[in-house]
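Remarks on the structure that follows.
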Amino acid sequence: MLGFAGYLLIHYTCIQKSFILGIIQRQGIRNSIITYTGIVLGAISLIIIQPRFLTKEEIGLTRMLLAFSALVANIMPLGVNATVFKYFPYFRNRDERHHGFFGFMLIFPLIGYIAIALLLYLFRGTIISHYIGQSRLFTEYFYYVFPLMFFITFTNVLGAYSGSIFRTSVPLLINDVFVRLGSIVVFTLYFIKWIDRDQLIFFYIGVYAMQLVTMICYLFYEDRPSLKINWSKYRENTPYIMFKYGIVMSLSGISSIGLKYMDTLMLGLYKPKQASLNALDIVGIYAIAAFVAAFVEAPMNALDKIIVPKIGEGWQKNDMEDIRQIYYKSAKYLLIIGGLLFLLINLNIDSMFQLIPDKDFSLGKSVILIISIGTLINMGTGNSDALLMTSSKYILLTWLLIGLIVIAYINYRIFIPLFGMNGAAIATALSATIYNFTKYFMIWRYYHLQPFTIDTLKVIAVILITGAAVYFIPSVHNVFADVAIRSSLVGIIFGSLIYALKIVPEFHYLIPFLKNKK
């Protein structure tokens, strides 16, 4: 708890001092609370509920359906998510209902869904033939991907629109809390045998349908968007350029989301090294391990929803100093937050696996360490995706991602046969590291911006010192006591070093202020 409280303090001061605008202050704090509420619910679901209520194969099935649908759903909007962030400021006018931008935006995913769903249906036999040998259960429920990818596609587009009007907290609540609560309810109904497996998958997809409906209701309540398009306004702003930008950025999106879900989809193709497990069993184990490792990256995902529109406006106003400050401070504070979470997760990993009855899940221990190293590197390089995606060099990011997805695919083909799910983790972390440092050099070359300072080295030193100090502490027999002791020591040592090395100047203003308040 002390470590978590330390994170909230760091995150709060980061937003309070670094991003001055009131919208960012309020939404940053709310988003932090919502994000970590969602993480807690996700942890309860994946670590406690699902291993007890579902078989490993059923966990793997739900993850495969979600991974396949999310990957395809990222293609369907034809890049309109990025188009919204970049071009919506030119149409923003609440009195004019944004000139019908909402209706204009929905044309993209509608066309994309019809075209891509038709292609998937035509080539369904080929797809099923690839998976039927190792992941037969997935092929039995393959047709459920059609409604699921529809719901995910339009929810993502509505989320982008919500971010463009600086309303991120409620959509985050819907996506991170509502969906996980709904999934827990569905898994519980299956466990107590109120529903069978077919109904389990049906209601699991239904949770995402309700997510979309709730998002629609919220946006019409909050913004009253119009489906009537003011075409004269769009002719003034050259829709061809927006469409071209969207198509180019859709290629980026495909590659980016491919890195997130390709490991799951590739694991489902290979025969596991463990004779007692099938491919979907391995996917289920890997899914839980990868989810735990993703805790490290959660603050970046929450912050992205806030700062992407602000960086977009920075480019529009040519305010390079504002962009520089966001880039530099996002890298520093995200490395601090990510480092703290990295330590809390990996130093308590043995205790966590003791809470799961099925010991096969402990096979994912190395996966957590490997992937969390990759996510920590991602955190340390700041919100570079947001910077490049909204800049004039966005097309370079697209080519980078296309090249990277090829490299990642090759990595998976090499490492999964050699090391199984650890190989998938190695390929994921290696691909992410290549991607992040390539972005770093691109930003330095074209904009002469870079996020690293002496504070970066100090934070790395704090992470290493804290990790070494706590790692060698003998384990306590009681799992909960061991977690409490290790987490408290991590929080005390980590926080003390951050304060002593003056890495977060806001601490030195905040602590005397709190003393004076007493």
Side-chain angles (χ1 to χ4, degrees), residues 39 42 46 59-60 62-72 74 134-135 252-270 272-273 279-301 304 334-335 338-339 341-342 345-346 349 361-385 397 400-440:
I39 284 176
L46 266 172
I59 296 172
T62 59
R63 299 308 296 179
M64 285 282 288
L65 289 172
L66 181 61
F68 188 94
S69 301
L71 179 59
V72 178
N74 203 65
Q134 299 301 327
S135 302
S252 301
I254 295 167
S255 301
S256 181
I257 205 74
L259 292 174
K260 183 176 180 181
Y261 291 112
M262 188 185 291
D263 49 3
T264 297
L265 296 175
M266 293 292 287
L267 276 173
L269 293 172
Y270 289 94
K273 292 181 175 298
L280 284 181
D281 290 333
I282 292 296
V283 170
I285 295 169
Y286 183 88
I288 290 180
F291 177 85
V292 173
F295 282 11
V296 175
E297 210 168 28
M300 173 174 277
N301 298 331
D304 266 343
L334 286 172
L335 181 59
L341 294 173
F342 174 85
I345 291 167
N346 285 284
I349 199 64
F361 284 98
S362 63
L363 295 170
K365 187 188 302 184
S366 298
V367 170
I368 294 174
L369 176 61
I370 296 166
I371 294 181
S372 62
I373 290 173
T375 56
L376 184 59
I377 293 171
N378 187 26
M379 296 276 279
T381 54
N383 292 87
S384 52
D385 263 349
L397 179 63
L400 167 64
L401 280 165
I402 292 172
L404 184 59
I405 201 69
V406 174
I407 293 172
Y409 177 77
I410 294 171
N411 284 340
Y412 287 123
R413 292 296 299 265
I414 293 172
F415 290 109
I416 290 178
L418 290 175
F419 306 112
M421 60 180 162
N422 286 340
I426 292 169
T428 299
L430 178 61
S431 301
T433 301
I434 294 170
Y435 173 54
N436 281 295
F437 279 102
T438 306
K439 286 187 298 179
Y440 164 80

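From a predicted model like this one, the values you see are computed outputs, not experimental measurements.
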Taking only distance into account, with no hydrogens and no angle test, what donor-acceptor pairs under 3.5 Å do side-chain atoms of residues 281-288 form with protein atoms, sequence neighbours excluded?
residue : atom : partner : partner atom : Å
D281    : OD1  : E57     : N            : 3.1
D281    : OD2  : N278    : N            : 3.0
Y286    : OH   : D263    : OD2          : 2.7

Contacts under 3.5 angstrom, residues 414-422 side chains, donor-acceptor by atom type, not counting sequence neighbours:
none

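Y412 places none of its side-chain heavy atoms less than 4.5 Å from the side chain of L267. A heavy-atom distance below 4.5 Å is not found between the side chains of L269 and Q134. Under the 4.5 Å side-chain criterion, counting only non-hydrogen atoms from C-beta, L376 is in contact with L335.
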Take N378 and V296 through the test side-chain contact (heavy atoms from CB on, under 4.5 Å) and record every step on the way to the result.
CA-CA 10 Å; N378 187 26; V296 175; over 6 Å; no
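The side-chain hydrogen bond (donor to acceptor under 3.5 Å, both in side chains) search around Y270 returns R413, not counting sequence neighbours. Residues satisfying the side chain to side chain contact (heavy atoms under 4.5 Å, CB included) criterion with T433, sequence neighbours excluded, are I377, F437. Scored by the side chain to side chain contact (heavy atoms under 4.5 Å, CB included) test, L369 finds F342, N346, I373 as partners (sequence neighbours excluded). Evaluation of the side-chain hydrogen bond (donor to acceptor under 3.5 Å, both in side chains) rule for K365 yields D350 as partners, not counting sequence neighbours. Evaluation of the side chain to side chain contact (heavy atoms under 4.5 Å, CB included) rule for F291 yields L46, R180, F295 as partners, not counting sequence neighbours. Under the rule for a side-chain hydrogen bond (donor to acceptor under 3.5 Å, both in side chains), the partners of T381 that lie at least two apart in sequence or sit in another chain are N436.
Looking at every heavy atom in both residues, S431 comes nearest to L404 through O-CD1, 3.4 Å. The minimum heavy-atom distance between A289 and G364, with the atom names listed, is CB-O, 3.4 Å. Here the closest non-hydrogen pair linking G268 and S135 is O-OG, 2.7 Å.
Counting only residues at least two apart or in different chains, salt bridge (Lys or Arg N to Asp or Glu O under 4.0 Å) contacts with residues 414-440 comprise D385-K439.
A distance of 10.5 Å separates OH of Y435 from CD1 of I405, quoted to the nearest 0.5 Å. Atoms CG and OG1, on L71 and T264 in that order, are 10.5 Å from each other to the nearest 0.5 Å.
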